[in-house]
Each structure stands twice: as structure tokens, then as C-alpha cells.
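Since the model is a prediction, treat every value here as computed from it, not as a measurement.
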Amino acid sequence: MMSKEKYEEMYGMEACMNSVKFDIEKLGYDPIRLLGEFTLRAKQDILFNKTMIEALMLYIEQHNIKWDDK
């Protein structure tokens, strides 16, 4: 059985935020498009880590990313 600390290290908010930052800042993914993909995946895959969506929403908020061009 995995300890709570190990679980948080692997799947918690900090780990998810690091993954989100890498995808956006290093790989060049569009955060809004990524949000759509994560949301769809969460609906289709019960094992998808939904904390990834929370981390991405936090990233979007922290970086003042706009949802549309209006």
C-alpha cells in the first residue's frame, strides 16, 4: 500500500502543476485546448487524475490566460 506522502508526491497538486507547466512552457501546448482534452478524458477514463484539471485551472488563473479573444 502506498503512503499518503508518496501518493501526494506522485499524484497531488504539486506533481500535477509541474506536469501542466512542462506541457505548456516546454512543449508549447495551448492551455485552453489542454483543458478541453483533460475534461473529456476525465469523463471517458475513471482512472484519470482529476487533480490535473484543478492544476490547469490554477495555472490559467495565475497566468491570467483569457478564455476567448473578446
Side-chain angles (χ1 to χ4, degrees):
M1 178 160 222
M2 186 182 306
S3 70
K4 182 177 180 181
E5 292 80 20
K6 186 65 175 173
Y7 182 86
E8 282 296 316
E9 180 184 324
M10 293 177 66
Y11 305 109
M13 179 59 85
E14 185 177 349
C16 290
M17 186 58 84
N18 288 337
S19 179
V20 164
K21 285 180 183 179
F22 182 81
D23 285 349
I24 296 168
E25 296 172 7
K26 301 293 184 193
L27 299 180
Y29 288 125
D30 175 359
I32 302 302
R33 176 178 227 129
L34 204 54
L35 181 61
E37 291 174 12
F38 285 1
T39 303
L40 180 61
R41 186 164 170 203
K43 289 180 181 182
Q44 295 174 336
D45 181 358
I46 61 170
L47 299 178
F48 180 75
N49 184 357
K50 293 169 185 62
T51 305
M52 290 293 289
I53 295 171
E54 295 174 36
L56 186 50
M57 293 289 290
L58 182 59
Y59 183 93
I60 290 169
E61 181 180 316
Q62 288 175 343
H63 291 83
N64 200 28
I65 296 170
K66 303 297 179 201
W67 293 90
D68 59 30
D69 294 323
K70 294 179 185 178

What distance do [X] atom [atom1] and [Y] atom [atom2] have between them, rounded to the nearest 0.5 Å?
{"X": "H63", "Y": "L58", "atom1": "NE2", "atom2": "CG", "answer": "9.5 Å"}
{"X": "M57", "Y": "T39", "atom1": "CE", "atom2": "OG1", "answer": "8.0 Å"}
{"X": "Y59", "Y": "K21", "atom1": "OH", "atom2": "NZ", "answer": "8.0 Å"}
{"X": "R41", "Y": "M52", "atom1": "CZ", "atom2": "CE", "answer": "8.5 Å"}
{"X": "F38", "Y": "D23", "atom1": "CZ", "atom2": "CG", "answer": "5.5 Å"}

Is the number of heavy atoms from other residues, nucleotides or ligands under 6.0 Å of [X] [atom1] greater than 12?
{"X": "K50", "atom1": "NZ", "value": "yes"}
{"X": "E37", "atom1": "CD", "value": "yes"}
{"X": "E61", "atom1": "CD", "value": "no"}
{"X": "Y29", "atom1": "OH", "value": "no"}

Handout entry: C16/E54 under side-chain contact (heavy atoms from CB on, under 4.5 Å): CA gap, chis, key distance, verdict
Key = CA-CA 9 Å; C16 290; E54 295 174 36; over 6 Å; no
Is there a path from [X] to [Y] through hydrophobic residues (I, L, V, M, F, W, Y) whose side chains come within less than 4.5 Å of each other?
{"X": "L40", "Y": "V20", "answer": "no"}
{"X": "M13", "Y": "I60", "answer": "no"}
{"X": "L27", "Y": "I24", "answer": "yes"}
{"X": "L56", "Y": "I65", "answer": "yes"}

Practice task
State which residues pass side-chain hydrogen bond (donor to acceptor under 3.5 Å, both in side chains) with D45; sequence neighbours excluded, sorted by chain then number.
Solution key: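 For D45, no residue satisfies side-chain hydrogen bond (donor to acceptor under 3.5 Å, both in side chains) once neighbours in sequence are set aside.
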